[in-house]
Participant: 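Just dropping this structure here.
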Amino acid sequence: MKNINYLNAFFVGLPIVLALLSFINIEFLYFAMITTALTGFYQVVTGLCLLIDNPTNKLLQLYAVLVITFFILLAVSDNQWLWIWLLPPTLAFFFTGILYKELKNKS
């Protein structure tokens with residue numbers, strides 16, 4: 001569980017670092033946007049694996065519902081909405097909190 005938490009911190013922190021480096025060179029912003037997709041992929045796969053291992057965890061169930069809701073909204077609405085920019089970072093930090101709580105519970 002500790003390794004999952006470290007890997008998650010890397011995937012969440014990498015786009016932030018790259019976005020900050022874009023003040024030096026704007027091309028880093030493109031890499032930051034690409035790595036946000038990698039962050040989402042890692043977190044969705046990890047969240048599904050954790051939910052399969054612990055299907056009664058209410059936080060993981062809520063995370064799964066929010067992710068499914070995000071993809072449904074993405075499919076049925078235009079991309080101009082504010083939620084498309086706010087929901088993914090919110091989900092990333094929510095999942096990070098879930099991992100942190102699970103790590104504390106295992107200790």
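Throughout, numbering of the chain's residues begins at 1 and tracks the sequence.
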Participant: Once you round to the nearest 0.5 Å, how far does CG of Leu50 lie from CD1 of Ile98?
Facilitator: 9.0 Å
Participant: State yes or no: do Phe23 and Ile16 share one hydrophobic cluster built from I, L, V, M, F, W and Y residues joined by side-chain heavy-atom distances below 4.5 Å, directly or via other members?
Facilitator: yes
Participant: Could you give all pairs that pass the side chain to side chain donor-acceptor pair (under 3.5 Å) test and reach residues 22-43, with sequence neighbours left out?
Facilitator: Asn8-Gln43
Participant: Quick check: closest heavy atoms across Ala32 and Ala19, and the distance to 0.1 Å?
Facilitator: CB-N, 3.7 Å
Participant: Hey, what else clusters with Phe41 if you join Ile, Leu, Val, Met, Phe, Trp, Tyr whenever side-chain heavy atoms sit under 4.5 Å?
Facilitator: Val45
Participant: For Phe94, give me all partners under ring pair (Phe, Tyr, Trp, His ring centres under 6.0 Å), at least two apart in sequence or on another chain.
Facilitator: none
Participant: Are Leu38 and Phe93 connected, step by step, through hydrophobic side chains (Ile, Leu, Val, Met, Phe, Trp, Tyr) whose heavy atoms are closer than 4.5 Å?
Facilitator: no
Participant: Restricting to side-chain contact (heavy atoms from CB on, under 4.5 Å), what partner residues turn up for Phe71, sequence neighbours left out?
Facilitator: Val67, Leu74
Participant: Holding to side chain to side chain donor-acceptor pair (under 3.5 Å), I want the full list of residues that pass it with Asn5, two or more places apart in sequence or in another chain.
Facilitator: none
Participant: Test: side chain to side chain donor-acceptor pair (under 3.5 Å). Region: residues 44-70. Which pairs qualify, not counting sequence neighbours?
Facilitator: Asn54-Thr56, Asn57-Glu102
Participant: For Phe31, what residues pass the ring pair (Phe, Tyr, Trp, His ring centres under 6.0 Å) criterion, not counting sequence neighbours?
Facilitator: none
Participant: Roughly how far, to the nearest 0.5 Å, is the CG atom of Asn105 from the CE atom of Met1?
Facilitator: 9.0 Å
Participant: Starting at CG of Leu87, measure out to CG of Leu73 and round the result to the nearest 0.5 Å.
Facilitator: 7.5 Å
Participant: In the hydrophobic clustering (ILVMFWY, side-chain contacts below 4.5 Å, transitive), which residues join Ile68, or is it alone?
Facilitator: Ile72
Participant: Can you name the nearest heavy-atom pair linking Val12 to Pro15, along with the distance?
Facilitator: O-CD, 3.4 Å
Participant: Would a hydrophobic clustering, with Ile, Leu, Val, Met, Phe, Trp and Tyr connected at side-chain separations under 4.5 Å, put Leu91 with Phe10?
Facilitator: yes
Participant: Kindly write out the residues that satisfy side-chain contact (heavy atoms from CB on, under 4.5 Å) with Leu21, not counting sequence neighbours, or none if the list is empty.
Facilitator: Val17, Leu18, Ile24, Phe28
Participant: Taking a hydrophobic cluster as the set of Ile, Leu, Val, Met, Phe, Trp and Tyr residues connected by side-chain heavy atoms closer than 4.5 Å, whether directly or through intermediates, do Ile34 and Leu14 fall within one such cluster?
Facilitator: no
Participant: Is there a path of hydrophobic side-chain contacts, each under 4.5 Å between heavy atoms of I/L/V/M/F/W/Y residues, joining Leu62 to Phe70?
Facilitator: yes
Participant: Please enumerate all residues that pass side-chain contact (heavy atoms from CB on, under 4.5 Å) together with Tyr100, with sequence neighbours excluded.
Facilitator: Lys104
